[in-house]
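Contents: one structure, followed by commentary.
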Amino acid sequence: MMKKKVLFVASECTPFAKTGGLADVIGSLPPVLNQLDDIETRVILPLYRSILTNWRKQLVKVTSFDVSVGWRKQPTSLYIMRFDQVTYYFIENEYYFSRDDVYGYEDDGERFVYFCEAVISSLPYMNFQPNIIHAHDWQASLSLLFNKVYSNTPKMKSVLTIHNLKYQGIMLRESYHDLFRLDDEHIAGMEWHGLLNCLKAGIYHADKITTVSPTYAEEIKTPYYGEGLFKCLQDRSKDLSGILNGIDTKSYHPKTDQSIRFKYQYSSSRKRLNKLYIQHKFQMEIDPDKPMYVMITRFVEQKGLHLIERILDQFLSEEDVQFIVLGTGEYHFEHFFYQMEQQHKGKMIAYLQFNEKLARQLYAAGDFFVMPSKFEPCGLAQLIALQYNAVPIVRETGGLKDTIVPYNEYTHAGNGFSFSHYNAHDLLAVLRYSLTIFKDQDKWYPLFRNVTKSSFSWELSRDQYVKIYDQILGVGPSNVRSDKTWQV
Ligand code: ADP
């Protein structure tokens with residue numbers, strides 16, 4: 001079998017730049033793929049200002065060249081760095097990437113058109129000829145289009161992984177002639193309700209499409225979860241599959257994690273020392289038996305925060321619990337959690353930051369991890385929670401459904417709590433139920449034991465990716481698209 005040379009194209013990756021779970025995946029999957037003899041994975045990323053600042057010494061410049069973005073010529077430098085068994089490339093352009101944040105700019109569409117152009121333009125300088133290009137999310141999707149249509153580049157087989165269908169990279173239709181250098185024939189795979197849709201282009205051009213859990217792979221073919229692209233995904237159904245994410249179980253391990261105060265493994269009494277540490281840190285009542293609920297999340301509707309809004313005040317008023325939220329995002333939710341903290345002083349903490357170290361301390365401190373998502377492609381936070389033995393409380397959707405089995409107090413099977421309908425009072429009921437289990441040692445300990453045994457490392461999922469790579473290298477072109485479906 002031919003050696004597989006895979007180029008990951010992505011917009012974030014730990015430890016360089018992170019806004020969410022995508023970064024964890026891009027940081028942890030390539031090292032485990034590279035443990036196999038017949039595969040080499042490299043990763044290409046934008047060189048954001050923070051990466052240049054923090055990694056300047058390790059970065060080596062390969063070359064400089066110009067990249068076309070429509071009529072513009074953008075000066076570009078390609079950098080290389082070896083880190084943790086993986087070779088990383090970085091695309092530098094001051095105008096697009098030397099900014100404070102990773103995303104959230106008016107010209108995000110243009111920034112990632114540029115990035116994808118730059119990825120393809122970098123190929124001759126890499127000293128590495130990938131036979132597979134593996135794009136992640138909308139920011140990388142256009143690299144699959146450019147791979148296909150530019151005649152002067154070596155053609156690679158292609159995979160698109162959708163980490164979150166909600167974010168699609170929508171641009172005005174007029175951008176097509178402004179930002180692209182393509183004939184009109186290529187617009188069909190990209191046009192969407194009179195606009196341009198980067199993710200749609202990826203779905204159209206990829207040989208294989210994966211998403212990050214089997215349940216989400218089914219859900220996104222329905223109108224409710226399909227974010228306006230469900231028909232296109234139905235059309236590509238034969239090439240679409242769900243592969244569950246793993247986590248880096250070395251980095252996220254309570255026995256060795258340098259961020260946490262009291263290291264532990266399997267021991268609930270040692271874990272509770274971390275709870276005492278957090279109670280002390282936030283001036284909460286110090287009591288190892290007080291149930292502590294934790295949320296660590298982006299503040300967006302997806303994460304089920306409207307449900308929390310409806311019931312948190314009642315839950316905190318009626319129950320003797322502690323609740324800590326770590327997150328940032330939409331102002332509306334930040335304000336809500338701040339208000340809750342004011343109203344429930346000592347019981348409720350809202351820490352409105354992105355803070356990796358505190359996140360790890362909270363996973364270690366919490367008895368419960370609350371994640372009532374409206375939809376959840378895979379979800380890593382619940383997997384990290386399991387790893388630190390915080391019992392997940394989730395809504396049965398996407399990857400949450402595939403990883404959390406509701407606890408059965410009679411058979412003692414299960415590793416968490418769950419509810420099905422997107423309904424605040426169903427969430428409240430399951431929160432209350434979790435409390436009754438917590439208070440009953442005969443029921444709590446079997447659950448805790450199950451949680452300590454749940455682990456989602458990458459090994460299983462890695463083999464599924466390898467299988468897909470083998471399939472696309474071994475066969476001809478992927479399924480034909482039925483053109484009618486794509487005209488939306
Ligand atoms: P998503 O990618 O949709 O944000 P995931 O559950 O897949 O959700 O991944 C979220 C990741 O981001 C986890 O590693 C989680 O610990 C981390 N995270 C989210 N919010 C914060 C925060 N405020 N501070 C630190 N880490 C955070």
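For ligands, and for the atoms within them, numbers begin at 1 and follow the listed sequence. Predicted model only: the values in this text are computed from it and were never measured.
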With a 4.0 Å heavy-atom cut-off, what residues sit around ligand 1?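 Lining ligand 1 at under 4.0 Å, by heavy atoms, one finds Lys18, Gly20, Gly21, Asp24, Tyr252, Ile296, Thr297, Arg298, Lys303, Leu326, Gly327, Gln353, Phe354, Asn355, Glu356, Ala359, Tyr363, Met371, Gly379, Leu380, Ala381, Ile384.
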Go through the structure and list residues passing side chain to side chain donor-acceptor pair (under 3.5 Å) with Asp287, not counting sequence neighbours.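 Here no residue qualifies.
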Provide the full list of side-chain hydrogen bond (donor to acceptor under 3.5 Å, both in side chains) pairs with a residue in residues 422-434, sequence neighbours left out, each pair given once.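 Only Tyr293-Ser434, Glu318-Arg432, Glu409-Tyr433 qualify under side-chain hydrogen bond (donor to acceptor under 3.5 Å, both in side chains).
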I'd like to know if the side chain of Gln302 pairs up with that of Asn164 as donor and acceptor (distance under 3.5 Å, no hydrogens or angles considered).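 On atom types as modelled, these side chains qualify, holding a pair under 3.5 Å.
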Regarding Gln35 and Arg462, do their side chains bring together a donor and an acceptor under 3.5 Å, going by distance alone?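 Side-chain D/A pair, Gln35 to Arg462: present.
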Tell me, which pairs form a ring-ring contact (aromatic ring centres under 6.0 Å, His included) where one or both residues lie in residues 260-292, sequence neighbours left out?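 ring-ring contact (aromatic ring centres under 6.0 Å, His included) check on residues 260-292 returns Phe282-Tyr351.
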With a 4.5 Å cut-off on side-chain heavy atoms, are Met190 and Lys200 touching?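 They are not in contact (no side-chain heavy atoms under 4.5 Å apart), so the answer is no.
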